[in-house]
Novice: 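What follows is a structure written as structure tokens; I'll ask about it next.
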Amino acid sequence: MRAAADGRCVAERREETPETGDPGLFLTPCTTRESDRVTLEEAGNGIYRLIFPGKKDESPRCLGILGASIQDGGAVTIDYCGSRELDEAEEFHLEKTSDHGGGFRLRADHIRFVPADQRKDLCIGAPDGDHKEWANVFQLECLPDESGTVFRFLR
């Protein structure tokens with residue numbers, strides 16, 4: 001899974017990073033040992049789970065929105081699928097786009113339960129202009145001019 005804007009990979013880092021001091025989900029050069037392969041698991045109706053491989057004897061884990069946040073800036077993480085931390089916010093609509101060279105925007109499915117008049121247009125990404133080695137991935141307002149919210153999946 002790569003950012004369309006600059007080709008960086010989505011990666012989990014379990015230990016603290018020098019840049020943020022926190023573990024989490026980041027965009028980083030694809031040559032690092034932390035860059036992960038992602039498997040798309042179809043859940044039906046255009047909804048997918050993004051499965052990350054487990055380490056050694058661990059079960060696979062899912063990308064999700066921590067605490068099922070419905071806010072701009074919500075934390076995106078990887079945890080065991082079905083875990084309480086993700087609170088069932090681990091399913092995403094993959095929206096095909098031609099923006100920024102083409103790819104997909106990932107919109108958390110749990111947002112659909114928010115009343116339409118209170119719902120924000122949110123997707124997964126890193127803020128434009130954040131080019132540091134370990135740029136945090138968040139749930140952000142989904143704007144067409146934001147290149148950090150478009151991803152590609154390589155086979």
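A quick note: this is a predicted structure, and the numbers were derived from the prediction, not measured.
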Novice: From Asp79 CG over to Leu25 CG, what is the distance, rounded to the nearest 0.5 angstrom?
Specialist: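 Those atoms lie 12.0 Å apart.
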Novice: What heavy-atom pair brings Phe151 and Val10 nearest, and what distance separates the two atoms?
Specialist: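 Shortest heavy-atom separation between Phe151 and Val10 comes out as CE2-CG2, 3.7 Å.
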Novice: Find the distance between CG (Leu40) and CG (Leu63) and round it off to the nearest 0.5 Å.
Specialist: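 Result: 10.5 Å between the selected atoms.
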Novice: Looking only at atom types and distance, does a side-chain atom of His100 sit under 3.5 Å from a main-chain N or O of Ala4, one as donor and one as acceptor?
Specialist: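 A pair under 3.5 Å: no.
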Novice: With sequence neighbours left out, write down each residue that passes salt bridge (charged side-chain N to carboxylate O under 4.0 Å, His left out) with Arg107, or none if nothing qualifies.
Specialist: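 With neighbours one apart ignored, the set is Glu95, Asp121.
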Novice: Side-chain contact, heavy-atom cut-off 4.5 Å: Ile65 with Phe92?
Specialist: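 In contact.
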Novice: Out of curiosity, does Met1 fall in the hydrophobic cluster containing Ile78 (side-chain heavy atoms, cut-off under 4.5 Å, transitive links)?
Specialist: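 As far as the 4.5 Å side-chain criterion goes, Met1 and Ile78 are connected within one cluster.
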Novice: Mind listing the side-chain donor-acceptor pairs of residues 138-146 below 3.5 Å, one per line with the distance, residues two or more places apart or on another chain?
Specialist:
from	atom 1	to	atom 2	distance (Å)
Gln139	NE2	Ser69	O	3.1
Gln139	NE2	Gln71	O	3.1
Glu146	OE1	Asp128	N	3.3

Novice: Would Leu122 end up clustered with Leu94 when hydrophobic side chains under 4.5 Å apart are linked, directly or stepwise?
Specialist: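 Looking at the clustering, Leu94 is in a separate group from Leu122.
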Novice: What is the minimum heavy-atom distance between His93 and Asp109, and which atoms define it?
Specialist: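 In this case the closest contact between His93 and Asp109 is NE2-OD1, 2.9 Å.
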Novice: Ignoring hydrogens, what is the shortest heavy-atom contact between Gly103 and Val150? Give both atom names and the distance.
Specialist: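 What the structure gives for the nearest pair is CA-CG1, 3.9 Å.
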Novice: What disulfide bond (SG atoms under 2.5 Å apart) pairs are there with at least one residue in residues 77-116, not counting sequence neighbours?
Specialist: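 Residue pairs with at least one partner in residues 77-116: Cys62-Cys81.
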Novice: Is the CG atom of Asp117 crowded by more than 12 outside heavy atoms at less than 6.0 Å?
Specialist: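 Yes, because the 6.0 Å sphere around CG of Asp117 holds more than 12 heavy atoms from other groups.
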Novice: Report the residues that fulfil salt bridge (charged side-chain N to carboxylate O under 4.0 Å, His left out) with Asp99, sequence neighbours left out, ordered by chain and then residue number.
Specialist: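 Asp99 satisfies salt bridge (charged side-chain N to carboxylate O under 4.0 Å, His left out) with Arg105 only.
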Novice: Can you give me every donor-acceptor pair (side chain of residues 44-54, partner residue at least two apart or in another chain, under 3.5 Å) with its distance?
Specialist:
from	atom 1	to	atom 2	distance (Å)
Arg49	NH1	Glu41	OE2	3.3
Arg49	NH2	Glu90	OE2	2.8

Novice: If you round to the nearest 0.5 Å, how far is CZ of Arg8 from CZ of Phe26?
Specialist: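 Those atoms lie 11.5 Å apart.
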Novice: Do Ile70 and Leu66 share a hydrophobic cluster, counting only Ile, Leu, Val, Met, Phe, Trp and Tyr and linking them when any side-chain heavy atoms are less than 4.5 Å apart?
Specialist: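 Unlinked, Ile70 and Leu66 end up in two clusters.
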Novice: Between Gly7 and Cys30, what is the shortest heavy-atom contact and its length?
Specialist: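 In this case the closest contact between Gly7 and Cys30 is O-SG, 3.3 Å.
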Novice: With Arg119, which residues qualify under salt bridge (charged side-chain N to carboxylate O under 4.0 Å, His left out), at least two apart?
Specialist: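 Once residues adjacent in sequence are excluded, Arg119 has no partner under the salt bridge (charged side-chain N to carboxylate O under 4.0 Å, His left out) criterion.
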